[in-house]
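Beneath this line is the structure, given in structure tokens, with notes to follow.
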Amino acid sequence: MNYWLLKSEPDEFSIDDLKKNKTTHWDGVRNYQARNMMRDQMKKGDLAFFYHSNTDVPGIVGVMKVVREGYPDHTAFDPDDKHYDPKSDPDKPRWFMVDLRYMRKFKKTIPLAVLREFAGKELADMALLRKGNRLSVMPVSKTQWDFITTLSD
DNA sequence: GCCAACGTTGGC
DNA sequence: GCCAACGTTGGC
């Protein structure tokens with residue numbers, strides 16, 4: 001079983017939207033590294049942190065679970081979609097997504113700034129805290145997962 | 001294959 | 001709004 005962290009801008013799609021909808025497809029990822037993880041490595045039953053980016057207090061806001069493994073991201077085929085990519089052919093899809101189910105929302109956000117306090121310690125080598133990291137999908141180790149969970153309510 | 005130009009991400 | 005970091009594109 002693996003653990004993940006997935007970023008979303010709350011203005012686009014927030015933990016509250018997920019809570020309301022129960023499940024979602026994590027569409028719109030247009031980065032090969034992130035694509036590969038969703039297509040090849042994320043498995044049913046894996047858990048993922050929901051991270052709010054590009055907002056006043058960026059940080060981890062809750063937990064969700066993978067309920068469907070990688071399959072083609074159909075939004076890439078739709079010319080009217082914001083994430084349309086003419087180079088993704090339905091016969092040979094370039095982009096993939098997974099389905100996620102809401103598990104829980106933390107009472108308080110665990111801010112990025114707080115996670116950084118543990119950068120040299122419990123959260124050493126965490127992908128999220130690496131300089132210049134812009135991946136929207138990244139792995140979390142079990143150790144990191146367990147530690148971060150102790151920071152939540 | 002190199003690399004400059006450009007676009008995007010995302011914290012601050 | 002600024003800007004550092006990174007990814008992608010495309011000419012050569």
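Within every chain, numbering begins at 1; the chains are lettered A, B, ... in the order of the sequence lines, protein sequences first and strands thereafter. Note: hydrogens, waters and symmetry copies are ignored here, and every other heavy atom, side chains too, is used.
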**Message:** Side chain of A/S53, heavy atoms from C-beta onward: which of B/dG11, C/dT8, C/dG7 has the nearest atom to it?
**Reply:** B/dG11

[X] has an atom [atom1]; how far is it from atom [atom2] of [N], in whole Å?
{"X": "A/L115", "N": "B/dG10", "atom1": "CG", "atom2": "P", "result": "15 Å"}
{"X": "A/W95", "N": "C/dG7", "atom1": "CH2", "atom2": "P", "result": "12 Å"}
{"X": "A/R35", "N": "C/dT8", "atom1": "CZ", "atom2": "C1'", "result": "14 Å"}
{"X": "A/N133", "N": "C/dA4", "atom1": "CG", "atom2": "P", "result": "18 Å"}
{"X": "A/E9", "N": "B/dG10", "atom1": "CD", "atom2": "P", "result": "7 Å"}
{"X": "A/Q33", "N": "C/dA5", "atom1": "CD", "atom2": "P", "result": "17 Å"}
{"X": "A/R94", "N": "C/dG7", "atom1": "CZ", "atom2": "P", "result": "16 Å"}
{"X": "A/K7", "N": "C/dA5", "atom1": "NZ", "atom2": "P", "result": "15 Å"}

**Request:** Assign each of A/N54 and A/K131 to its nearest nucleotide of DNA chain C by heavy atoms, then name whichever residue's nucleotide is nearer the 5' end.
**Result:** A/N54

**Asked** Can you check whether A/H52's main-chain N or O pairs, donor with acceptor, with A/T55's side chain at less than 3.5 Å?
**Response** no

**Request:** Would you confirm whether A/N31, through its side chain, and A/A34, through its main-chain N or O, come within 3.5 Å as a donor-acceptor pair?
**Result:** yes

**N/O (side chain, A/R134) to phosphate O (OP1/OP2, B/dG7) under 4.0 Å** = no

**Request:** Ignoring backbone atoms, establish whether A/Y32 has a side-chain N or O less than 4.0 Å from OP1 or OP2 of C/dC6.
**Result:** no

**Complete:** Paired with A/F49, the ring pair (Phe, Tyr, Trp, His ring centres under 6.0 Å) test is passed by just one of A/W145, A/Y3, A/W4, namely A/W145

**Message:** Considering every strand and a 4.0 Å limit on heavy-atom distances, what is the contact class for A/R30: base, sugar-phosphate, or nothing?
**Reply:** nothing

**Prompt:** Going by an N to O cut-off under 4.0 Å, is there a salt bridge joining A/R35 and A/D73?
**Reply:** no

